[in-house]
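Here is how names work: the chains are called A, B, and so on, in the same order as the sequence lines, proteins then strands, and each is numbered from 1. From a predicted model like this one, the values you see are computed outputs, not experimental measurements.
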There are 2 protein chains.
Amino acid sequence: MLPGMGHGADGRKPTPSRLDLAAAKSVATTLQALATPSRLMILGRLREGSATVGELADAVQMEQSAVSHQLRLLRNLGLVDGVRQGRSIVYSLYDSHVAQLLDEAVYHAEHLRLGATDRESATG
Amino acid sequence: MLPGMGHGADGRKPTPSRLDLAAAKSVATTLQALATPSRLMILGRLREGSATVGELADAVQMEQSAVSHQLRLLRNLGLVDGVRQGRSIVYSLYDSHVAQLLDEAVYHAEHLRLGATDRESATG
DNA sequence: CTAAGACATGAAGATATGTTCATGCAAGCG
DNA sequence: CGCTTGCATGAACATATCTTCATGTCTTAG
């Protein structure tokens with residue numbers, strides 16, 4: 001159970017109360033899984049459908065080992081799930097929440113990027 | 001608006017095509033701004049309304065310097081904006097996208113956490 | 001059992017990141 | 001102008017993170 005952020009079992013979240021440290025840590029941990037290009041691409045690929053580690057490695061242009069390490073991380077966070085199929089292991093997004101979070105993250109991130117296109121090298 | 005119902009206020013977002021490396025980097029960069037407890041708490045506080053650096057530092061229990069550093073980062077990413085008001089500088093979320101992304105991130109993160117509560121210490 | 005394929009894991013090294021410390025810059029006050 | 005308040009900035013240190021290398025485990029085949 002997450003302390004400090006109970007938003008009711010009615011499925012409706014009233015007003016997103018302020019983030020306490022525990023909640024912030026929890027959210028940060030999950031978000032960090034989406035905060036790196038490699039994992040983002042892995043998830044992006046998985047969003048289109050299940051794939052084996054080899055396929056993932058090929059899709060994201062990474063070493064098999066690196067992919068495995070990231071998959072382990074994603075698995076521990078409950079973002080993906082892998083099942084054996086013969087000698088391969090087929091990974092897929094854990095549920096629709098992952099896909100949604102991914103979509104929304106991309107969506108907002110793009111918009112935010114547009115709003116801050118050249119803000120980075122603006123007059124400091 | 002209700003988080004979790006999807007962000008499609010306009011109802012149509014282009015088919016989230018596969019993430020290429022450039023897009024992944026961009027999204028990852030933005031998401032990384034939300035991937036740490038400190039920044040998450042700063043944004044969480046800002047989500048409730050504007051605040052000066054001092055107020056933020058007090059709210060999130062951080063040194064003023066640390067807050068400033070993080071604000072600089074958030075500002076460069078276009079997530080927050082600060083304007084002078086006397087000796088203080090009042091910060092606020094740049095626009096509703098930030099608030100939305102924040103809400104949705106929290107929402108999904110919580111759900112995902114619930115699904116993976118004890119996955120971390122599973123039979124290993 | 002031996003051999004090969006597919007994936008996982010541990011250790012190590014290079015980077016990146018976040019906080020702190022000391023200091024600089026800006027604004028208000030007398 | 002000098003002093004105080006409020007914030008920003010740079011350097012440094014501790015930590016976390018990601019990738020690579022070598023090796024282990026599990027599965028299928030003969």
Looking for any heavy atom pair under 4.0 Å, which part of the strands does G82(B) touch: base, sugar-phosphate only, or nothing? nothing

Between Q85(A) and R72(B), name the one whose nearest nucleotide on DNA chain D is closer to the 5' end. R72(B)

Of the candidates dT20(C), dC7(C), dT19(C), the side chain of V53(A) sits closest to dC7(C)

Do the ring planes of H97(A) and H108(B) sit parallel (below 30°), tilted (30 to 60°) or perpendicular (above 60°)? perpendicular

Atom pair distance, as rounded to whole Å: CE in M62(A) and C1' in dA6(C): 17 Å

Taking donor-acceptor contacts at under 3.5 Å, does the side chain of S65(A) reach the base of dT9(C)? yes

Donor/acceptor link under 3.5 angstrom from Q64(A) side chain onto base of dA6(C): no

Closest-nucleotide ordering on DNA chain C, the 5'-leading residue of L73(B) and Y91(A): Y91(A)

Does the side chain of R75(B) pick up a donor-acceptor pair with the side chain of Y94(B) at under 3.5 Å? no

Identify which nucleotide among dG6(D), dC7(D), dC7(C) has an atom closest to any side-chain atom of R87(B), counting heavy atoms from C-beta outward. dG6(D)

If I take atom CG in residue D81(B) and atom P in nucleotide dA8(D), what distance separates them, rounded to the nearest angstrom? 12 Å

Within the structure provided, determine whether L21(B) and V60(A) are in side-chain contact (heavy-atom separation under 4.5 Å). no

Donor/acceptor link under 3.5 angstrom from T36(A) side chain onto base of dC18(D): no

Rounded to whole angstrom units, what separation is found between the CG atom of L56(A) and the C1' atom of dA8(C)? 14 Å

Integer-rounded Å distance: dT5(D) C1' and D58(B) CG: 16 Å

Using whole Å, report how far CE of M41(B) lies from P of dG18(C). 16 Å

Give a yes/no answer on whether the side chain of Q32(B) brings an N or O atom under 4.0 Å of OP1 or OP2 in dA16(C). no

Can you check the L34(A) CG to dT17(D) P distance for me, whole Å? 14 Å

OP1 or OP2 of dT17(C) less than 4.0 angstrom from a side-chain nitrogen or oxygen of R39(B), does that happen here? no

Just wondering, do I42(B) and L74(B) contact through their side chains at under 4.5 Å, heavy atoms? yes

Closest to side chain of I89(A), choosing from dG28(C), dC7(D), dC7(C): dC7(C)

Starting from P on dT9(D), measure out to CD on Q70(B) and report it in whole angstrom. 13 Å

What is the distance, to the nearest angstrom, from the CD atom on Q61(B) to the C1' atom on dT19(C)? 15 Å

Which nucleotide, dT9(C), dA11(D), dT27(D), lies nearest any side-chain atom of H69(B)? dA11(D)

Students often get this wrong, so: under 4.0 angstrom with heavy atoms, is S88(A) touching a base, only sugar-phosphate, or nothing? sugar-phosphate

Are the side chain of T52(B) and the backbone of E55(B) linked by a donor-acceptor contact shorter than 3.5 Å? yes

Do V53(B) and Q64(B) have side chains that approach each other closer than 4.5 Å (heavy atoms only, starting at C-beta)? yes

Out of dA26(C), dC7(C), dT19(C), minimum distance to the side chain of R84(B) belongs to dA26(C)

